[in-house]
There are 2 protein chains.
Amino acid sequence: MPDRVRGMTEPSAERDPESVSRFVEHFAAQLTEAGMPRMPSRVFGALLASDAGTLTSAELGDQLKISPAAVSGAVRYLAQVHMVSREREPGSRRERYRVHSDQWYEALTNREAIIKRWEDALREGVTSLGADTPAGRRLAETLGFFEFIEEELVGVMERWRVHREQKYPR
Amino acid sequence: MPDRVRGMTEPSAERDPESVSRFVEHFAAQLTEAGMPRMPSRVFGALLASDAGTLTSAELGDQLKISPAAVSGAVRYLAQVHMVSREREPGSRRERYRVHSDQWYEALTNREAIIKRWEDALREGVTSLGADTPAGRRLAETLGFFEFIEEELVGVMERWRVHREQKYPR
DNA sequence: CGCTTCTTTCAGAAATTTGTGAAGTTAAGG
DNA sequence: CCTTAACTTCACAAATTTCTGAAAGAAGCG
C-alpha cells in the first residue's frame, strides 16, 4: 500500500462517505418528489456521485443498504428510461452500471414517448368532441403547444451541445 | 324542449357523455403515468374537456363519480401547481374551478421551483465532493445543463406566445 | 461439465397512498 | 342571528406500491 497523499491541494484522495451519502439522499429526494420511484432515485444519485461514473450491483447495495433484489429492480427501471446503461465487467460475472453524464439528461428531454402519447390522447379528444366546439378548440391549442415545444427542443439541445463543447470539453 | 338538430354539419348540439368520459379517462391516464396523482389527473381532464372551461364541485363529483372530499383534495392539488384556479360563483356558495387554457401549460414549464431545488442539490454536491474531482465535474456539468435549459425556456415561451397569437387568436 | 459467484424472479410482508364517510367550518340569505 | 348549502378536514378502511428473503437462473472458471 502506497502512502496516502493528504495535502489540501491534492484533489480528494479519499471521499467522505458521510458527505457523499448526504448528497445522494438529498438529490434522490428531489427526483422522488418529481415522480421517480424511491430506489431508482437513490441508485441514480449514487451513480452520479461516483468518481468513475460506474458502480457494481454489490457496491450499490452496500452503499445504500438495500437488497440485491432492490438494486436489480431499480436498475431495470433506470435502464428502461435510458438514464443508465449496463455493462459486463470483463473477466467477471459482475455487472456494472454506468451513468453517461451526457446521455442521461438527454434522456430527460427525450420524454418523447410520453409527449407522443399526450398528443395522441389530445388528438382523439379534438376529434371526438368536435374541432369546432369550445372544448375541442382548447384541446387543439394544447396539442399545438406540445407540438411546438417538441420542435423547439431540438434546437435547444443543439445549442446546448455547442455550449457544452466549449464549457466542459472532454 | 326544442327539436334536436341532428345534421352532421351541425357542430355537436349535445356532447356524448360517453365520448367525453373516454377522453377524460384516457388523458388522465397519461397524466398519471407522468407522475400526477389519480384524482387530480381526472379532475383536470374533465375541466379540459368542458366547453366553458369551468365546472363546479358538484358537477365534477357527479361526472367522475367521486366524493366531495376527493374533489376537494384534487382541486387543492391542482391549484397549488397553478393548473386550475378557483372562483366563487356570484350569488351562490358554489365554487367553480377553471382551467385557463394558456395558464396551465405555462405552469408545466414553470416547474421552476423543482428545477431550482435540483440545482441547489447539485451545487451542494459539487462543493462537498470537490469541484476538481471527477464526480464533482459531472455534477457541475449537470448543473450547467439545468441552468442552460432554464434560460432557453424563456425564449421558447416567448416564441410560443407569438406563434400562438396568430394561430389561435382570441 | 460441475462449481461457484452473481443476478433475476417471485411471493408475500410492510409501508405508503388514496378515497370515503362523517363531523366541522364558513358564509349566503332569510 | 339562525338556517342551510357548500366546501374542507380528519380518521380510518381499502387498495396499491415497495422492498425483502428465498429460490431459481445465467455465466465464468477450473
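Below, chain A is the first sequence line, B the second, and so on; all start at residue 1. Owing to the predicted nature of the structure, the values given are computational and were not obtained by experimental measurement.
Under 4.0 Å is where a charged nitrogen must lie from a carboxylate oxygen, and between A:Glu150 and A:Lys116 at least one such pair does. With respect to A:Asp120 and A:Arg123, a salt bridge is recorded, a charged nitrogen being found less than 4.0 Å from a carboxylate O.
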(request) In sequence, state the C-alpha distance, the side-chain angles, and the governing distance for B:Glu87 and B:Glu95, and then conclude on side chain to side chain contact (heavy atoms under 4.5 Å, CB included). (result) CA-CA 6 Å; B:Glu87 348 186 305; B:Glu95 200 132 297; over 6 Å; no
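Between A:Tyr77 atom OH and D:dC19 atom P the separation is 12 Å, expressed in whole Å.
Between B:Gly125 and A:Phe23, the shortest heavy-atom contact is CA-CD1, 3.5 Å.
Shown here is A:Arg117, whose CZ atom has more than 12 heavy atoms of other residues, nucleotides or ligands within 6.0 Å. Counting heavy atoms of neighbouring residues, nucleotides and ligands inside a 6.0 Å radius, atom CZ of B:Arg137 exceeds 12 of them.
First and last contacts of DNA chain C with chain B, using any nucleotide atom under 4.0 Å from a protein heavy atom and ordered 5' to 3', fall at C:dG19 to C:dG29.
In this structure a side-chain-to-backbone donor-acceptor pair under 3.5 Å is present from A:Thr133 to A:Gly130.
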(request) Spell out protein contact along nucleotides 7-15 of chain D as letters: B when the base is contacted, S when just the sugar-phosphate is, - when no protein heavy atom is under 4.0 Å; keep the 5' to 3' order. (result) SBB------
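Two residues are said to be in side-chain contact when any heavy atoms from C-beta on lie closer than 4.5 Å; A:Leu64 and A:Glu25 meet this criterion.
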